[in-house]
Amino acid sequence: MPTIVADRPRPGEDAPVGAGTIGQVSSPLRVASYNVNGIRAAQRRGFEQWLARRDPDVVALQEVRCPVDQVPEGVFGHLHATYEPGQIPGRNGVAVLTREPPAAVRTWSGQAWAIPSRLGPGGPHTPGGDGTQPGEGSRLDTPFATLARGISRYADEGRYVEVDLADRPLTVASLYLPKGGLPVELQKPGRMREAPDGGVKHERKLHFMDALARHVTRSRKAARDAGREFLLMGDLNIAHLTHDVRNWRRSHQAEGFLPVEREWIDTLIGPRTLVDVLRRQVGEVDGPYSWWSWMGQAFTNDVGWRIDYHLATPGLARTAVAAGVDREPSYEERVSDHAPVVVDYDLGGWTT
C-alpha cells in the first residue's frame, strides 16, 4: 500500500496516522520536488501556504521563470534559495531551497544566485552575511571543474543546479528536462497542437538526454567519492511505465512516452545507480500522477502523467519512510499544472 507523507506535527506532538512515523516526531528529512510553472503565479495561487503547511527541509523547484530581481519577497519562507534563472526570459529556471545555505553550489553556466530566507541568519529581516536583505539575491560563482560532453550547449538555459547540503552528507540536484516533440515520422499536420518542425525538438531532447546521462554519472560518482549520497529531482518530461500514464494505451506515440524516452530512463536507474523512490514506495499501482493538463476535466478525472521524480542513490533510497504526491483537493485550488512529489527520508544520525 502507498505510504502517505502527512503534514509535519509540531515538536512534541504525536505524528498523525499515515505519517510514516510512530509515536513522537522523529524529524525525518522532508524533501520535495515541485514544478511551480512560474513562481509569481504560484505565489498568487497558494505556494507559500503549501510551503508553510508541509514544512519541507529541501525543495527542488523547476520552471521558476522569474528574473532574480522580480522573485516575490519572502516567497521561499524560512528556506534559503539557490537559483539558476538561465538566460531565456520567461522560461525555465531551477532552484534548490534549503534550511541552511549550502556548503557548495554547481551549475552548468558557472553562476547562480543566493536568495536568503525571510528570517535571515539572525532572525526576522536580518541582512545576510553579504549585506543582502531577505528576498534579495547575491551572485555566486558556481562552475563545475569540467562539463560532460554535450552539456555546454544547454549551459545558459537554467535547467540544472546542484548543491551540497551543509548539514547532511547529501548532494541534491534540481533538473528541468526539455519537453521535446515528436519524431518526424509521427508528425502529421492537422493532428498536432503545434506546427510540424521536422523532428527538431525531438532530436534536441535526445541530445540533451544523452549529455545529461553522462553528467549524472559524473555527479553521482563525485558525490560517492566525497562520502555523499546523491539525489536528482525534477521534471523529466518523461513517464517511465504504463503505471505512470492514465491513458497509456493511447500515449505510445505521444512525446514524453515514446519508447526511446522510456528506454533512456531504464539506463538511468538501477539497483546500483539511481532508484525511483516514489515508485519503490508505492509499488506497481497506477499513479500517483504529478501532472495534469489545465484543459477540460483532466484534473477532476485524474487523467494525469507521472513525470516528476526523486532519483536517489541506493543508500539514500533505503531511508525513505513515506512518499506521495500533494494533489490538490479541487481544480480551483491548484497551484500549478504539476503537484509536488514529497518524500520523507529517515537519515537517523547522518551528519556532515
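Along the sequence shown, the residues carry numbers beginning at 1.
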Ion pair D266/R262, N-O distance below 4.0 Å | no
Between CG of D167 and CG of D57, what distance do you get to the nearest 0.5 Å?
-> 8.0 Å
Closest approach of L258 to H252 (non-hydrogen atoms, all atoms of both residues) | CD2-O, 3.7 Å
Side chains of H80 and R99, donor plus acceptor under 3.5 Å | no
No-hydrogen, no-angle side-chain donor-acceptor test under 3.5 Å, W291 and D337 | yes
Main-chain N/O of K179 paired to K201 side chain as donor or acceptor, under 3.5 Å | no
Between A211 and A148, the two heavy atoms sitting closest are O-CB, 4.3 Å
Could you please spell out the steps behind the salt bridge (charged side-chain N to carboxylate O under 4.0 Å, His left out) verdict for E261 and K205?
-> CA-CA 9 Å; E261 296 170 320; K205 183 177 185 178; 2.9 Å; yes
Check the side chains of Q43 and E48 for a donor-acceptor pair under 3.5 angstrom, ignoring hydrogens and angles.
-> yes
Are any non-hydrogen side-chain atoms of R153 and F208 less than 4.5 angstrom apart?
-> no
Is a side-chain donor-acceptor pair under 3.5 Å present for N37 with R65?
-> yes
Please answer whether the main-chain N or O of H338 pairs with a side-chain N or O of S336 as donor and acceptor at a distance below 3.5 Å.
-> yes
Do any N or O atoms from the side chain of R106 and from the backbone of F144 form a donor-acceptor pair under 3.5 angstrom?
-> no
What distance do S109 atom OG and D141 atom CG have between them, rounded to the nearest 0.5 Å?
-> 10.0 Å
Y34 and F47 aromatic ring geometry - parallel, tilted or perpendicular at 30°/60° bounds = tilted
Distance col, row L316:CG vs E229:CD, nearest 0.5 angstrom, shows 5.5 Å
Within 45° cone of W292 ring axis and under 6.0 Å: R246 NZ or CZ | no
Any side-chain heavy atom of R306 within less than 4.5 Å of one from D276?
-> yes
Euclidean distance, Y83 OH relative to S174 OG, rounded to 0.5 Å | 11.0 Å
Would you say the side-chain atoms of Q187 pair up with the backbone N or O of L182, donor to acceptor, closer than 3.5 Å?
-> yes
How many angstroms lie between CZ in F257 and CG in N237, if you round to the nearest 0.5 Å?
-> 14.5 Å
The salt bridge (Lys or Arg N to Asp or Glu O under 4.0 Å) partner of R30 among D346, D55, D344 is D344
Donor-acceptor pair, T82 side chain versus A95 backbone, under 3.5 Å?
-> no
Donor on one side chain, acceptor on other, E284 and H243, under 3.5 Å = yes
N/O donor-acceptor pair under 3.5 Å between S290 side chain and D308 backbone | yes
If you measure only the distance, is there a donor-acceptor pair under 3.5 Å linking the side chains of T107 and E162?
-> no
Exam field: side chain W264 to backbone M209, donor-acceptor pair closer than 3.5 Å | yes
Looking at OG1 of T142 and CD of Q111, how far apart are the two atoms once the value is rounded to the nearest 0.5 Å?
-> 7.0 Å
Any donor-acceptor pair under 3.5 Å linking the side chain of R149 with the backbone of R214?
-> no
